[in-house]
Amino acid sequence: MKKIIAREKLPELWAHLSEQGPLFLPIQDGPVVLFQPWFEGAEINLDAVNSAVSPKDLFLPREETFMHYRCSGKQLEMTPVEPGEPVTAFGVHPCDLKAIELLDRVFLGQEPPDALYQQRRENTTVIALSCSAADPFCFCGDFGVDPADAPGADIMAHLSDDSMLFESRTEKGAALLEQAGDLLADAPEETFSREAVQTADFNLQLEGLAENLKDRFDDPAWDQLYKSCLGCGVCTYVCPTCYCFDVEDFGHEAEGERFRCWDSCMYGHFTEMAGGHNPRPERKERVRQRFLHKLQYYPEIHDEIACVGCGRCLRSCPVNLDIVQAIKALGGEKIEKR
Amino acid sequence: MTTESGKKSRLIEEMKAQSGQDPNSCYQCGKCSAACPVTAALDLMPHQVIRYLQLGLEDELAESKTPWICASCFTCAARCPRDIDLARMMEGIRLSVLRCREGNKFGPADLTPEQLEKLPQQALVSGFRKYNK
Amino acid sequence: MPRTGVFICHCGTNIAGTVDIDKAVEASRNFPGVVHADEYRYLCSEMGQDIIKKAIEEQDLDRVVVGTCSPRMHEATFRKAAAEAGLNPYLLEVANIREHCSWVHKDMGEATPKAISLLRAAAAKAALNTALEAPRLDVEKRALVIGGGIAGIQAALDIAEAGYEVDIVEREPSIGGRMAQLEKTFPTLDCSACILTPKMVEAAQHPNVNLLTYSEVEEVKGFVGQFDVKIKKKARYVDSVKCTGCGICWEKCPSKAPSEFEMGLAKRKSIYVPFAQAVPNVPVIDRDSCLYFRKGRCQICEKECPPQAIDYEQQDEIIERRYGAIIMATGFDQLDPTIYGEYGYGQHPDILTGLEFERLFNASGPTGGKIVRLSDGKPPKKVVFIQCVGSRDKARGMNYCSKICCMYTAKQAVLLKEKVPDAKSYVFYIDVRTAGKGYEEFQRRAAEEYDVAYLRGQVGKIFPEEDHLVVRGVDSLSGRLIEINADMVVLAAASIARCDAPEVGRLVGINSDSYNFFNEAHPKLKPVETHTAGVFIAGACQSPKDIPDTVSQASAAAVKAIGLLSKDKLQGEACTAEVNQAECSGCLYCEAVCPYSAISPVEIEERYHGGTLKRTVAEVNPALCKGCGSCTVACRSGTINLKGFSNEQILAEVDAICLQR
Amino acid sequence: MAEHNLEQIEKIREAVKQDLLGGRIDLLLGWEKGHYWWQSRPLFAQSEEDLEKLAWDSFCAVNLSRYLLEELKEHNKVGVLVKGCDARAFNRLLQDNMVPRDRVILYGLPCPGMLDYDRLAAEAGSVLLSITEENGQVVLITAEGEAKADRDEMLLDKCRGCIYPDPAVYDQMLLPPQGEKESPERFKKVEELEAMSAQERFAYWEKELSRCLRCYACRQACPYCSCRECFVEQENPRWQGRAYQPSENFMFHLIRAYHGAGRCIDCGECERSCPVGISLQELNRKLIKDINELYGDYEAGLDAELEPPLLTYRPDDPAAFSEK
Amino acid sequence: MSTAVNENAAGWEPLIVAFCCNWCSYAGGDMAGTSRMSYPANVKVIRVPCSSRMSPMFILRAFQRGADGVLVAGCHPGDCHYSTGNYHVRRRLSAFKRLVEFTGVEPDRFEVRWISSSEGDKFADEMADMTNKIKALGPNGKMRDARWQNIT
C-alpha cells in the first residue's frame with residue numbers, strides 16, 4: 001500500500017496516531033534530537049541526520065520494571081508487570097532499524113526468547129524513514145545499509161520538500177495506514193524514485209576482519225588504542241547495537257520492584273564479581289572488550305559485524321576515540337584503494 | 001527630667017537613618033568630650049548629646065547648640081572605643097532637627113528670579129533637599 | 001536477616017497515655033527482621049531490664065530496639081543490660097517515643113503512628129548495627145605543664161602531690177611568670193614575692209617536679225594518655241649542675257641589655273638571672289648582647305666563675321618525652337598602648353603602663369623601690385591613672401573587660417599614698433568593676449581613706465607642659481572638663497593573649513577565640529577542658545584573671561589531669577570513623593575538616609598490573625576520633641564512614657521514617 | 001592550516017622534543033588530529049615519530065590533565081601541554097593529592113578559545129571544507145566560496161565564559177601569554193534561572209535532566225571527579241539508584257555538582273562531553289557564584305595552596321538560612 | 001515526566017524529617033518534651049552525632065522517599081560539641097540549600113536551624129513553623145520517587 005501526505009498535514013497524522021497509543025518520533029529536546037513520545041507542541045525534527053541516542057530505547061528501554069516482590073513472614077509473592085499498550089515508532093532511519101535486527105538475533109534468536117523484548121517488539125509498528133542527508137560521520141555504506149531503504153520496516157517512509165510518502169511492508173504496517181483513513185491519499189508510483197545519499201568513506205576493509213582479530217587479543221595496538229578512553233560509556237549508551245543491561249531492586253527487604261536498566265562494558269563495575277575480583281580491571285581490557293565484541297565475538301555467532309555505521313560514537317565521544325579508529329588500528333584499513 | 005522611652009522619637013529615628021549610628025552602643029565613657037577641641041563652647045558635651053539620645057530627650061536636643069557648634073573634626077570618632085562616628089551622628093542630628101522643624105520649608109517660589117539665576121545649581125538642589133522634607 | 005526484638009515501655013502513663021502500646025507492639029512485629037515484640041510498664045526498672053535480657057537469651061535475639069525515653073536518658077542503661085545478656089551493647093537502638101513523641105503530642109491518633117514510625121526507623125537502623133568495641137588506651141603517668149607562672153606552678157605542685165611526675169616547661173630562664181613581677185597583691189596587700197617564692201622553691205625541690213626552664217615545646221604528637229612531646233632546651237651557656245648561683249659572673253659582666261623582667265625600665269647584664277629570687281638560680285647568657293658572642297672576646301664570666309660553669313660551646317638540646325596529660329598555662333601579655341596616640345605613651349618617660357609602674361615599688365626594681373619620676377627622679381605628687389586602655393574598646397583595642405585593672409589600679413593608688421604620703425591620685429574610669437572577695441571594700445577604702453579621686457570619664461589628650469603632663473579629660477557625672485597637671489600617668493593597659501598563643505595552641509591541637517585566648521571545651525561545664533582530650537587550660541591564657549582565680553583554675557586543671565593519670569586504661573569512643581583504604585583516593589579532605597587531628601595520611605602498597613604501586617590514603621586514629629562524622633561528609637565517595645551512625649544506617653532510617661502508611 | 005599555526009606547532013614540538021628525547025620526561029601528553037581536521041584526540045607521545053603527530057589548533061578542547069591519573073602509574077615523569085583549563089585542572093588534582101608535582105612538567109600554552117564545529121558548520125550552510133583564522137574572525141571555506149564569522153561567536157560553549165585562558169601553573173611557557181579575559185556573561189544564564197519562579201526552575205531542570213542517560217561522561221571527563229569509587233556506583237549504601245526516575249536524575253546531578261562546590265574549575269568538560277547536551281555548567285556555576293558571594297571570591301585551580309572554601313570556615317561566616 | 005503525588009488534598013498531612021545533632025538540637029527536642037510543649041506530629045526526628053554528619057545526600061534521600069520538608073538542626077555557631085562541626089555545616093548546607101532552591105525546590109522545604117539544648121521552646125516553635133509553611137505549600141512532588149509510594 002502506498003500513501004502520501006502533504007508535509008503541513010503531518011501534525012494531524014501524528015495527533016491521530018498518538019490517539020491509538022504512544023507515538024515515538026524524533027523530537028528536538030534542547031540541543032539534541034531524541035525519540036520521545038509525541039505531545040502537543042512537540043518540535044518534531046525529521047531533518048535530523050540521526051537522533052543523539054538510538055531508538056533501541058523502544059525495545060530495550062533504559063529502565064524496565066518487570067516484577068514486584070513482597071514478603072510477609074516466610075511468604076514471598078512475586079507479580080510480573082503487565083505488557084504495555086501498542087506503540088508506533090515514526091521516523092526510524094535504516095541504520096537504526098538494521099541495528100534492531102541485530103538486537104533481535106540476541107534477544108529473540110535463541111530459546112527462550114527475552115519475553116520483555118519480544119513483547120515490545122511485537123507491540124510496536126515501525127515507520128522507517130529514508131535518509132535525505134548524511135553528515136561526515138554517517139558510514140552505513142560499509143555495513144550494507146541502504147540509506148534509502150529499511151527492509152525490516154513495517155512501513156517505509158520517504159520525505160520530500162512538500163510531502164511524505166508511505167509504503168507498507170507488513171500487515172501491521174498496512175493496517176496502520178488503513179486506519180489513518182482520509183488523512184492519507186493514495187500515492188502514485190513515480191514519486192518513490194530517490195537520489196542516493198552519499199555516506200562517508202573511511203577506507204575500511206571489513207571483510208575477514210573478524211577472523212583476523214582472533215589472533216589479535218594481545219596485539220600491541222591495544223596498548224595505544226585505549227589510552228585516550230575516559231571510560232565514560234557514552235559510546236555504549238548512544239550505540240544502537242549495544243544491549244547490555246543490569247538488574248537492580250528498588251524498595252526494601254520486604255517489598256519492592258525489580259527492574260533492568262542499561263549498563264556499559266566501559267564501567268569497572270560491569271564485570272566486578274561478588275568477591276571483589278574484576279576480570280576487566282582497567283580501561284584497556286574494557287576498550288578491547290567493546291571493540292572485539294562488535295568486531296569479532298558478535299560476528300562469530302551471528303555472522304555479521306555489530307556495527308551499522310550510524311556514526312553516533314564518532315559524533316559523541318568526547319575524546320574522538322571511536323570504532324573507525326579501532327578498526328583502522330586493528331588492520332581494518334584498506335591498504336590501497338582499488 | 002522626663003524620658004520618652006517606649007515611644008519612638010522621630011528625631012532620633014531620622015538621625016539613625018541619616019547617620020547609620022546607634023546611640024545605644026555608647027557606654028558613656030566621655031572620651032569624646034575629653035577629646036573634643038571645642039568642648040568648652042558646648043552647652044551639652046558630646047557624650048551628653050548621646051546620653052540625651054539614649055534617653056530620648058528630643059526637645060532638649062533640638063534646643064541644644066552643640067550639634068551646630070560641632071566642627072566635624074572627627075576627633076571624637078577617632079577616639080571612641082565603641083566605634084561610634086560621633087561627627088556623623090552630629091550631622092544626623094542637624095539634618096533631623098531641620099527636617100523635623102515645621103515651617104522651615106522653602107522652595108523655588110521663595111527665591112527671586114535673580115537669586116535663582118545667580119545661585120549655583122548644586123547649592124539650590126542641596127538646599128531644597130535639606131529644607132524640604 | 002537479623003533477629004530483632006522490640007520492647008516498648010509504657011513509662012507509667014507517660015508513654016502509654018498517648019501512645020497505643022498494643023498497637024505499637026503489633027505493628028512492630030511486622031517490621032522486617034523483627035522476631036519478637038513485647039511491652040512493659042517500666043522498662044528501665046530491674047524487672048524491665050530482666051525482660052529484655054531474658055528475651056535476648058530465649059529468643060536468640062541479635063538486635064534490640066527499645067521504645068522508651070530519650071537515648072540521652074537511658075541508652076547507657078539498656079546497653080548495659082544487653083551486654084549483661086551477652087549481646088554487644090552497640091547492637092541496641094533506642095526509639096525516643098517519650099520526649100519526642102508522647103510528651104509533645106496530645107492526640108493518641110497522632111502519637112501512635114508517629115511512635116510506630118520512630119520504632120520502625122530504629123529497627124531499620126538496628127538491623128545494620130554492628131558490634132563495636134571501644135578502644136582501650138594506655139596512659140603515660142606523667143603530666144606536662146606548659147608555662148611556669150603561678151598557674152603552672154600550682155598545677156604542677158598539685159599533680160606532684162598526688163604522686164605523679166610532672167614537667168614544667170618555661171621559656172624564660174626562671175619560673176615565676178607575671179606574679180614574680182608584682183610588688184603586692186590585692187586586696188590583702190601581701191608581698192607577691194613572699195607568697196610566690198616558697199611555691200617556686202617547692203616546685204624546684206619536689207621530687208616529682210622536673211623544671212625545664214629556658215625551654216620551649218617544639219612538637220606535640222599523639223593523643224590523650226600518650227602525647228609524644230619534643231622540648232627544646234635552649235643553651236644557657238652555663239652548666240646548671242656546676243653553677244652555684246653565686247652571682248660573680250653577672251657582677252663582673254661588662255655588657256648590658258634592657259631587662260625584660262623590669263619591662264625595659266632597667267638594664268641587666270648579658271649573663272643574668274632575671275630577678276633575685278629566680279628559680280633555678282642559674283644564669284643564662286644572652287647571645288645577642290654578649291661581647292664574646294658578638295665580637296669573640298671578653299670571656300670575663302668564664303674567667304671569673306669559681307666552679308667553671310660557663311660553657312660557650314653548649315648547644316640547644318631536644319628532649320623527647322611522653323606525657324599522659326598536658327596543662328596549658330602560658331599566661332598573658334600586656335597591650336602596648338602606643339596605638340593610643342592621645343596618651344603619648346612611649347613619648348614621655350613619666351607615662352607608664354600598670355606593670356611598669358608596679359616595678360617602681362619593688363625594692364630590687366629600676367628605682368630601688370622609690371616612687372620617682374623617671375624623667376627627673378622627683379617623687380610624683382599628682383598621679384593620674386587611666387583605666388580601660390585597650391579594654392572594652394572595640395574600635396582600637398579589645399572588646400572585653402580585662403578584669404584585673406580596676407583592682408590593681410586601686411592597689412597602686414593605695415601603695416602610692418603609702419610611699420608618697422602627699423601624693424594625690426586621680427583615676428579615670430568608665431565603670432569600676434570589683435566583684436570578688438574583699439575587692440569592693442578595698443576599692444572603697446582607696447577612694448575614702450586614701451584620698452583617691454575617682455573621675456567617671458575618659459582622657460582625651462595628654463601632653464607635656466613645663467615639668468608636668470597635662471591630662472585633659474572629662475568627668476561625665478558633673479559634665480565638666482577636667483584638666484590635671486600630673487607628674488605621672490599610669491595606663492591600665494589591657495591584658496591580652498600571648499602573641500604566639502595560636503601557634504602554641506596549634507602545637508597541642510587546641511584552638512583559640514577571636515582574641516587568641518584558648519578556648520575551653522564548654523564555657524560553663526568544662527571550663528578547664530579543651531576539645532582535645534587530655535589537654536587542659538589554666539590561668540590567663542584562657543581569659544584575663546586575677547591570682548585567686550588563676551590558682552583555682554590551675555588546681556582544677558590539675559585535678560582533671562590527675563583523674564586522667566589515675567586510670568590504668570582509657571576508654572575511647574566506640575563510634576569512630578573508619579576508612580575503606582582500598583577505595584580511598586587520598587585527597588585528605590577528611591583530614592582538613594577533622595577537629596581532632598585524628599586523621600592522617602599513610603602510605604599503602606597496592607597491586608597494579610602485576611607489580612605494586614605505593615599510594616597515600618587516609619587513616620583514622622580511633623583514640624583521637626570523637627565520632628562527629630564531619631569527615632564522612634567531606635569524603636565525596638563515602639569511603640570514610642562513621643561506626644554507629646553509618647551512611648547505611650542513616651539512609652535506612654530515612655527510608656523507614658518515610659514509609660508513612 | 002594557517003602558517004602561523006604551523007609555526008606554533010613547530011615551536012612546541014621543538015621545546016618538548018628536547019625534553020622527551022633527553023629523558024627529562026618519559027611521555028608527553030598533547031593532542032593529535034582525529035579523522036577530520038576539526039577533531040582532536042589526546043596524543044601519548046613517547047618518540048620523535050609520535051611527536052610528528054602533535055597538533056595545536058582551535059580544536060584542542062580535550063582537557064589533558066586528567067590523563068595524568070593513569071599515566072603516572074606507568075611513567076615516572078610526564079610532560080603535559082596545558083591550556084588555561086588544563087592547568088587549573090592540574091592544580092585541582094594537585095590539591096587533591098592525586099598527582100605528585102615533581103613528576104610532571106607542565107608546558108604552558110595560551111588558549112585562544114576552542115571552536116565549535118557544529119556552530120561553524122551551521123554558519124557555513126553548505127559542506128565546510130576548512131577554515132582559516134585572522135583578526136578575531138574565522139574564514140569558513142566551502143565549495144561555494146568563503147564566508148567570515150566572528151570568532152567569539154564560533155567558540156564552544158565551554159570557552160565562552162572563560163576568564164583565565166593562560167595557564168595558572170606551568171614549568172615552561174611555550175607561547176606568549178595573552179592575559180585575563182573579561183567574562184560578563186559567565187553567570188548570565190544562572191541569573192536568568194534565578195530570576196524564574198521555583199516552579200519554572202523546576203520545570204526547566206526536570207526537562208533538562210530528563211534527557212540524562214546516566215552515562216556519567218560528565219564525571220569521567222571532569223578533573224574534580226577523581227574519586228576511586230564514585231558514590232553513584234557504591235553498592236553499600238546504594239546512594240544512587242540506576243533507574244531513570246526524575247528523582248534519581250536530580251540526586252545524581254545535584255550531588256555531582258555539589259561535590260564540585262569550591263572545586264569546580266569551570267572548564268566545561270562535563271557539558272562538552274554530555275551526549276544529550278544537558279546544561280551542566282549552570283549547576284556548577286551556581287555553586288561558584290554562591291560560594292563567592294557568601295564566602296569570598298575563590299577561583300578553583302588558580303592557586304593550589306589556597307584551601308577550597310568548603311574545607312575551611314570563618315566563625316563569622318554568613319549563612320543562606322536564618323541563624324536566629 | 002512529572003512526578004505524581006497520590007495524596008488527596010483533603011486528608012493530606014505533610015511529612016517533615018528533622019535531622020538533629022545529638023548534643024544541642026536533639027537535646028532541645030528532649031527539652032521540649034520534658035517541658036510538655038507541643039508541636040505537630042508531622043515532624044519526625046533522626047538523631048545524628050553532629051550536624052556536620054549531614055550529608056546532602058541524606059536530605060535528598062528524604063525528599064526522594066516522600067518528605068515534604070527537611071530540617072537540619074545543630075548547635076549554635078561556637079557551641080558545637082565537636083567545636084567546629086557547625087561552622088563547616090554552615091558553609092556546606094548554605095551552598096547546598098541554594099543549589100536545591102536553584103533546581104526549583106521552594107526555599108521553605110529545606111531549612112537549617114541552630115537550636116541549643118536549652119531551647120525547647122525554640123525547638124517546638126521551629127517544628128510548628130516548618131509544619132505550617134509546608135502545609136501552605138502543599139505536598140512536595142519535586143524530587144520524589146513515585147515508586148516509593150507503592151511500598152508499604
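The analysis underlying the following values was restricted to heavy atoms, covering all of them including side chains, and did not include hydrogens, waters or symmetry mates. To find a chain, count down the sequence lines: A is the first, B the second, and so on, and within it residues start at 1.
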- prompt: Would you say the side-chain atoms of C/Glu358 pair up with the backbone N or O of C/Gln181, donor to acceptor, closer than 3.5 Å?
  reply: no
- request: Applying ring-ring contact (aromatic ring centres under 6.0 Å, His included) between C/Phe385 and each of C/Tyr454, C/Tyr408, C/Phe357, report the one that passes.
  value: C/Phe357
- prompt: Got a salt bridge between B/Glu91 and B/Arg94, using NZ or NE/NH1/NH2 to carboxylate O under 4.0 Å?
  reply: yes
task: Pick one of side chain, backbone, both or neither for B/Gln48, based on which atoms fall under 4.5 Å of a heavy atom in chain C.
output: side chain
Residue selection (most heavy-atom pairs with chain C, distance under 4.5 Å) from B/Cys32, B/Ser25, B/Pro81: B/Pro81
query: Does the side chain of B/Leu53 reach to within under 4.5 Å of the side chain of B/Met89, using non-hydrogen atoms?
result: yes
query: Is any side-chain N of the basic residue among C/Lys461 and C/Glu342 closer than 4.0 Å to the acidic one's carboxylate O?
result: no
message: Test of understanding: with side-chain hydrogen bond (donor to acceptor under 3.5 Å, both in side chains), list the residues that count as partners of C/Asp467, not counting sequence neighbours.
response: none
query: Pairs in or reaching into residues 399-409 of chain C: which pass salt bridge (Lys or Arg N to Asp or Glu O under 4.0 Å), with residues at least two apart or in two chains?
result: C/Lys403-C/Asp549
Positions in residues 427-445 of chain C that reach chain B, provided some heavy atom is under 4.5 Å away: C/Ile430
query: Is any side-chain heavy atom of B/Asp85 closer than 4.5 Å to a side-chain heavy atom of B/Phe74?
result: yes
- request: Check whether any side-chain heavy atom of C/Asp393 sits under 4.5 Å from a side-chain heavy atom of B/Asp83, and report yes or no.
  value: no
statement: Most heavy-atom pairs under 4.5 Å with chain C, out of B/Cys29, B/Gly30, B/Ala35, belong to B/Cys29
message: Whether the side chain of C/Tyr426 engages the backbone of C/Ala486 through a donor-acceptor N/O pair (distance < 3.5 Å, no angle test) should be reported.
response: no
- request: Identify the residues of residues 394-402 of chain C whose heavy atoms come closer than 4.5 Å to a heavy atom of chain B, ordered by number, or report 'none'.
  value: C/Lys394, C/Ala395, C/Arg396, C/Asn399
message: Any non-hydrogen side-chain atom of C/Leu469 less than 4.5 Å from a side-chain atom of C/Val384?
response: no
